[in-house]
Protein chains: 2
Amino acid sequence: MNILEKIANELDTFSKSERKVAEVILSSPSTVIHASIAALAKQANISEPTVNRFCRRLDTKGYPDFKLHLAQSLANGTPYVNRHVDENDSAEEYTSKIFESTMANLELARKSLDTSTINRSVDLLTQANKISFFGLGASAVVAHDAQNKFFRFNVPVVYFDDILMQRMSAINSRQGDVVVVISHTGRTKSLVDVASLARENDATVIGITTAGTPLAKECNIVLSVDVAEDTDLYMPMASRIAQLTLIDCLATGFTLRRGTKFRDNLKKVKDSLRSSRFERKD
Amino acid sequence: MNILEKIANELDTFSKSERKVAEVILSSPSTVIHASIAALAKQANISEPTVNRFCRRLDTKGYPDFKLHLAQSLANGTPYVNRHVDENDSAEEYTSKIFESTMANLELARKSLDTSTINRSVDLLTQANKISFFGLGASAVVAHDAQNKFFRFNVPVVYFDDILMQRMSAINSRQGDVVVVISHTGRTKSLVDVASLARENDATVIGITTAGTPLAKECNIVLSVDVAEDTDLYMPMASRIAQLTLIDCLATGFTLRRGTKFRDNLKKVKDSLRSSRFERKD
DNA sequence: CTCTTTAATGTAGTAAAATTACATAAAATC
DNA sequence: GATTTTATGTAATTTTACTACATTAAAGAG
């Protein structure tokens with residue numbers, strides 16, 4: 001609970017002197033956070049230890065700690081939460097809600113991610129002869145993005161959002177190839193099949209999906225991304241953003257593993273685009 | 001401005017020792033607010049007065065005052081800041097940094113977005129006879145995602161990441177069509193051409209790009225998304241996430257504008273996928 | 001009402017934390 | 001390579017917070 005509210009609540013459990021301090025604090029908390037214990041004691045016409053005792057009574061370590069709590073109360077923190085868009089929301093409102101829930105979900109996803117698994121995946125990706133990214137629907141977008149990133153690394157990389165191409169590609173895979181299968185639900189039959197086909201052909205299968213799903217069971221490694229389901233809008237939103245950010249992590253891990261020289265190469269790739277662009281005038 | 005963001009922003013104006021303090025603070029701000037100046041100095045391997053000077057440089061009265069500001073920043077929503085990935089980062093570290101900068105950039109993007117422009121764009125999209133999404137490279141991914149979303153709305157929607165198809169499609173557009181052109185830099189020549197062609201053919205052109213760029217000048221409406229440039233890694237990361245979230249907003253605005261009955265339809269679309277999936281057992 | 005007990009508050013001293021002044025080292029400039 | 005400027009550290013000082021103890025006020029028992 002907010003410490004200011006707490007003071008207001010417990011006002012009648014305080015002793016006479018403590019109440020004096022409370023009054024001063026409640027009347028201008030923003031002044032108090034910049035005052036020393038002596039200044040506050042003087043303003044409330046009580047002694048310094050009384051202020052100190054007052055702070056302890058409120059479950060803080062002492063006066064400085066109390067001021068910290070007070071400062072936080074004043075900043076009226078609204079942490080990002082998953083607020084659902086409402087029927088009558090204005091553009092302002094639904095924009096805020098969407099951005100905030102996206103952030104809240106990224107936070108969630110980050111906490112659920114296992115970095116050692118990311119590390120192992122990066123290992124496999126750097127050693128791969130060929131990398132394939134498969135997804136359907138919203139996850140196709142993620143696969144598409146992954147291709148765009150890994151393509152820059154000058155490694156053989158393909159992406160398919162077509163079931164038949166995915167199957168053919170999976171059947172043609174071999175030891176040393178890495179197949180990344182992306183599906184939030186982890187229940188899309190054809191993708192589960194593709195994962196299983198790829199494994200039968202000795203490819204390493206990395207799944208970007210939810211843990212415990214049929215797809216997860218077919219994979220060598222599962223990168224599970226937990227997000228709150230966006231059930232209200234009937235289309236994938238936060239899940240794919242989390243997946244894309246995970247792709248960023250894999251790509252970044254890849255470049256770090258490859259060392260400095262490799263990154264100079266990336267710069268070249270970027271620079272090669274220059275002639276297709278209008279010059280910057282500033 | 002939030003003091004954490006400020007530290008992150010001014011990171012390169014700091015001296016060697018000051019940067020050490022900054023790193024420690026950024027990596028776990030919530031610990032710092034409970035630490036004494038001596039403890040912080042020790043952790044950063046520098047002397048106490050250096051910490052003090054660091055605090056003053058950030059326009060605070062001294063260390064205790066600095067902690068107060070820090071506490072407020074932490075309460076104030078995001079402790080997320082844009083930290084660059086470092087050469088020797090572990091998987092744990094770069095994952096955190098990437099997720100956090102993505103969140104920080106989403107926050108930035110949200111602030112820079114003009115909701116009335118979003119509202120106008122939604123107006124145009126709901127009234128459009130046909131919607132086209134064009135992008136190249138990383139922005140092609142965004143266009144791809146947009147198609148995936150708007151397709152569910154049962155409106156004529158196309159997406160191209162092929163210059164020729166984009167041109168042909170632009171030339172065939174007409175009054176009442178909406179063309180959404182996506183480019184973070186806003187300087188990709190062929191996309192600027194496409195925007196211009198579409199306008200010559202009386203289509204309405206919405207640009208998802210940075211304000212003031214050549215592309216922005218060719219558009220009827222510009223949805224500008226400001227993010228800190230991710231110059232260090234030579235590939236687009238945060239910018240496309242912000243663009244995708246903007247697409248979510250447009251799609252959400254679209255469904256809200258269309259009313260309840262329309263959303264029942266969305267549910268049908270989602271349900272139609274069921275037979276392609278394994279049943280959930282729980 | 002007075003004595004005893006308990007709780008509340010204050011005083012003075014102590015410890016800890018932050019800051020200052022100065023010295024030294026490192027970097028930048030000539 | 002010398003000189004100036006800037007950055008950093010050491011040690012002393014000051015400020016701030018806290019502790020132990022003393023005093024006072026309040027509550028309860030006879």
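For clarity, every value in this text was computed on a predicted model and none was experimentally measured.
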* Determine: side-chain N/O of A/T50 to OP1/OP2 of C/dA8, distance under 4.0 Å, yes or no. => no

* Asked: Within the structure, does a side-chain N or O atom of A/S15 lie under 4.0 Å from either OP1 or OP2 of C/dT9?
  -> yes

* Are B/K189 and B/D193 within salt-bridge range, i.e. N to O under 4.0 Å? -> no

* To do: When you get a sec, tell me which of D/dA17, C/dA8, C/dG10 is the closest nucleotide to the side chain of A/I37?
  => D/dA17

* Structure fact -> Comparing A/P49 with B/P64, nearest DNA chain C nucleotide closer to 5' gives the residue A/P49

* To do: Return no unless some side-chain N or O of A/S17 is found under 4.0 Å from OP1 or OP2 of C/dA8.
  => no

* To do: When you get a sec, tell me which of D/dA17, D/dT8, D/dA26 is the closest nucleotide to the side chain of A/K67?
  => D/dA17

* Reckon A/N52 has a side-chain N or O less than 4.0 Å from the OP1 or OP2 of D/dA17? -> no

* Asked: Expressed in angstrom and rounded to an integer, what is the separation of B/K42 atom NZ from C/dA18 atom P?
  -> 15 Å

* Asked: Rounded to whole angstrom units, what separation is found between the CG atom of A/L40 and the P atom of D/dT16?
  -> 13 Å

* To do: Look at all strands and tell whether B/R57 reaches a base, only sugar-phosphate, or nothing, counting heavy atoms closer than 4.0 Å.
  => nothing

* **Nearest to side-chain heavy atoms of B/E48, which nucleotide of C/dA18, C/dT9, D/dA17** => C/dA18

* To do: Check whether any side-chain nitrogen or oxygen of B/S47 sits under 4.0 Å from OP1 or OP2 of D/dT10, and answer yes or no.
  => no

* Would you kindly give the CZ-to-P distance between B/F54 and D/dT8, to the nearest whole Å? => 12 Å

* **Which nucleotide in C/dA27, C/dA18, D/dC18 has an atom nearest any side-chain atom of A/Y63** => D/dC18

* Is any side-chain nitrogen or oxygen of B/R56 closer than 4.0 Å to OP1 or OP2 of C/dT20? -> yes

* Asked: Ignoring hydrogens and geometry, is there a side-chain-to-backbone donor-acceptor pair from A/R240 to A/V142 under 3.5 Å?
  -> no

* Asked: So, A/D114 and A/R120, do they make that salt bridge, N to O below 4.0 Å?
  -> no

* Which whole-number value in Å describes the distance from B/R19 CZ to D/dA7 P? -> 12 Å

* Structure fact -> Between the CG atom in B/D65 and the CG atom in B/D59, the distance rounded to the nearest 0.5 Å is 10.5 Å

* Length of the CZ-P vector between B/R53 and D/dA7, whole Å -> 10 Å

* Asked: Would one find a side-chain N or O of A/K16 under 4.0 angstrom from OP1 or OP2 of D/dA25?
  -> no

